[in-house]
*Asks:* 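Before we start, here is the structure in question, set down as C-alpha cells.
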Amino acid sequence: MPLKRILAGPVEDAARGLLGCELVREDVVLRIVEVEAYAGPEDTASHARHGRTARNAPMWGAPGRAYLYFCYGMHWMLNVVTGPEGVASAVLIRGAEVLAGMDTVLARRRAAKPSAQICAGPGKVAQALGLARESDGLDLLRAEGLHLRPGLTPGAILSGPRVGIGFAVEPDRLRSWRFALAGSPAVSRPRIAP
DNA sequence: CGCCGGATTTAA
DNA sequence: TAAATCCGGCGA
C-alpha cells in the first residue's frame with residue numbers, strides 16, 4: 001500500500017505506518033522510530049481542539065503535508081498531516097535514528113559527538129533537520145526539500161500514553177496513541193513499558 | 001538514574 | 001498563563 005494511502009486513513013493507522021519511514025533533507029537522512037497520533041477537534045489533546053486557527057491550519061490540509069509549530073518558546077515540532085483534506089489530524093515525529101549526515105546533525109544540534117539519543121525527542125528531530133516556520137505546510141511526498149519516503153518495515157511496536165498532554169481529559173489523556181519501534185535506542189523519554 | 005528549575009515565545 | 005520540550009545540576 002502506498003504511503004499516501006496510509007496517511008489518508010485513520011490517524012492511528014497513519015502513525016503506525018510512519019514508523020520505519022525515512023525523512024530526507026539534503027544530506028541528512030533520519031529513520032522515524034517514535035510517533036504520536038493527534039486527531040481533530042474531538043481530541044482534547046490535539047491542537048485542533050479549539051477548531052481551525054492560524055497556527056493549526058495545515059492540519060486541515062492534504063495528507064503528507066508538514067505541520068510545524070513552535071513550542072515552549074524555543075522548539076519547533078514536526079508533524080505529518082494525515083486524513084483526507086478537510087479532516088484535522090496529524091502525527092508528531094518524536095524520535096529518529098540518523099542514517100546519514102551525522103556531521104550536519106551534530107553541528108545543528110551543537111553536540112560534540114554522536115549518540116543514540118541525538119534525535120530522541122520531537123524538538124531534537126526538527127532541529128537535526130534544520131526545520132522552522134518556513135517549512136510549515138510543505139508537501140513531504142514531493143521529492144524536493146524535505147522528503148518523506150517508505151523505509152524499514154517495522155517489527156514489534158510498543159504503544160503507550162502520549163507525552164506532555166496532562167491538560168487533556170479522559171479518555172484522550174490516557175489513550176495509547178504513542179508508538180515506537182521496540183528496541184530502538186532513539187526512542188525519547190519517558191520509556192514505554194514493554 | 002530520577003527529579004527539578006530555567007530558558008523563551010506564542011496562542012488562546 | 002500555560003504550553004505536544006530540552007538540558008544541566010544535584011542528590012540517591
Side-chain angles (χ1 to χ4, degrees), chain A residues 7 10-12 14-16 18-19 23 30 32-61 65-83 87-98 105-137 140 148 158-180 185-194:
Chain A
L7 295 179
V11 68
E12 185 176 353
R16 291 174 169 273
L18 281 167
L19 291 177
L23 286 163
L30 303 185
I32 298 169
V33 303
E34 182 189 354
V35 297
E36 277 175 1
Y38 288 88
E42 73 279 10
D43 179 2
T44 60
S46 173
H47 282 177
R49 66 188 178 279
H50 296 303
R52 185 171 183 145
T53 65
R55 178 174 69 159
N56 67 26
M59 290 183 76
W60 270 264
R65 314 288 290 213
Y67 165 42
L68 275 145
Y69 69 91
F70 194 56
C71 189
Y72 290 104
M74 62 179 75
H75 304 294
W76 286 92
M77 309 282 171
L78 171 64
N79 292 251
V80 177
V81 173
T82 71
V87 172
S89 55
V91 174
L92 173 67
I93 309 302
R94 281 196 64 89
E97 294 170 11
V98 180
V105 170
L106 288 175
R108 289 185 178 142
R109 295 271 304 112
R110 301 185 187 190
K113 53 182 188 188
S115 90
Q117 300 252 304
I118 192 85
C119 293
K124 296 178 178 180
V125 170
Q127 187 175 42
L129 288 166
L131 302 178
R133 172 169 288 128
E134 66 274 9
S135 297
D136 192 25
L140 304 181
L148 174 69
L158 301 178
S159 66
R162 292 173 288 183
V163 178
I165 51 128
F167 57 85
V169 299
E170 294 178 41
D172 301 324
R173 192 165 55 80
L174 301 175
R175 190 164 272 145
S176 288
W177 273 7
R178 180 189 182 200
F179 305 100
V187 176
S188 70
R189 302 212 311 228
R191 274 190 198 132
I192 304 176

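Basis for what follows: all heavy atoms, side chains included, without hydrogens, waters or symmetry-related copies. Note on naming: letters A, B, ... go to the chains in the order of the sequence lines (proteins, then strands), and numbering restarts at 1 for each one.
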*Asks:* Take nucleotides 7-12 of chain B nucleotide by nucleotide from the 5' end and write B, S or -, depending on whether a protein heavy atom sits under 4.0 Å from the base, only from the sugar-phosphate, or from neither.
*Replies:* BBBSSS
*Asks:* Do you know which of A:R175, A:R162, A:R49 makes side chain to side chain donor-acceptor pair (under 3.5 Å) with A:D43?
*Replies:*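 Considering A:R175, A:R162, A:R49, a side chain to side chain donor-acceptor pair (under 3.5 Å) with A:D43 is found only for A:R162.
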*Asks:* Using the side chain to side chain contact (heavy atoms under 4.5 Å, CB included) definition, which of the options A:L92, A:I32, A:L23 pairs with A:L78?
*Replies:*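 Exactly one pass, corresponding to A:L23.
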*Asks:* Using the heavy-atom set of chain A and a strict 4.0 Å cut-off, write down the first and last nucleotide of DNA chain C that makes it in, 5' to 3'.
*Replies:*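 First and last nucleotides in contact are C:dA3 to C:dC7.
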*Asks:* Just checking A:Y69: base, sugar-phosphate only, or nothing, at a heavy-atom cut-off of under 4.0 Å?
*Replies:*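 Counting heavy atoms under 4.0 Å across all strands, the contact made by A:Y69 includes a base.
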*Asks:* What's the shortest heavy-atom distance between A:S46 and A:A39, and which atoms?
*Replies:*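 That closest heavy-atom pairing would be OG-O, 2.6 Å.
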*Asks:* So A:H47 and A:Y69, would you call those rings parallel, tilted or perpendicular, with 30° and 60° as cut-offs?
*Replies:*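 Perpendicular.
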*Asks:* Using Watson-Crick pairs (N1 to N3, plus N6-O4 or O6-N4) and G-U wobble pairs, both distances under 3.5 Å, which stems of at least 3 pairs involve DNA chain C?
*Replies:*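 If one scans DNA chain C for consecutive Watson-Crick or G-U pairs, the stems found are B:1-7 with C:5-11, B:9-11 with C:1-3.
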*Asks:* NA contact type, A:L92, heavy-atom cut-off 4.0 Å: base, sugar-phosphate, or nothing?
*Replies:*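 Base contact.
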*Asks:* Under 4.0 angstrom, heavy atoms only, what part of the nucleic acid is A:R178 near: base, sugar-phosphate, or nothing?
*Replies:*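 A:R178: no heavy atom of the nucleic acid under 4.0 Å.
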*Asks:* Establish, from distance only, whether the side-chain atoms of A:Q127 and A:R109 form a donor-acceptor pair under 3.5 Å.
*Replies:*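 Note: A:Q127 and A:R109 side chains meet the donor-acceptor criterion.
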*Asks:* What is the distance from atom OG1 of A:T82 to atom OH of A:Y67, rounded to the nearest 0.5 Å?
*Replies:*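 Separation between the atoms: 13.0 Å.
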*Asks:* Output the distance between atom CG (A:N79) and atom CG (A:D136), rounded to the nearest 0.5 Å.
*Replies:*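 Spacing of CG (A:N79) from CG (A:D136) equals 9.5 Å.
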*Asks:* What nucleic acid atoms does A:A45 come within less than 4.0 Å of, heavy atoms only: base, sugar-phosphate, or nothing?
*Replies:*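 It contacts base atoms.
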*Asks:* Among A:S188, A:P161, A:S159, which one satisfies side chain to side chain contact (heavy atoms under 4.5 Å, CB included) with A:R178?
*Replies:*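 Filter result, single survivor: A:S188.
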*Asks:* Does the A:D172 side chain pair with the main chain of A:A45, one donor and one acceptor, at a distance under 3.5 Å?
*Replies:*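 No, A:D172 side chain to A:A45 backbone: no donor-acceptor pair under 3.5 Å.
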*Asks:* Rounded to the nearest 0.5 Å, what's the gap from OG1 on A:T44 to NE2 on A:H50? Could you check?
*Replies:*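 If we round to the nearest 0.5 Å, A:T44:OG1 and A:H50:NE2 are 9.5 Å apart.
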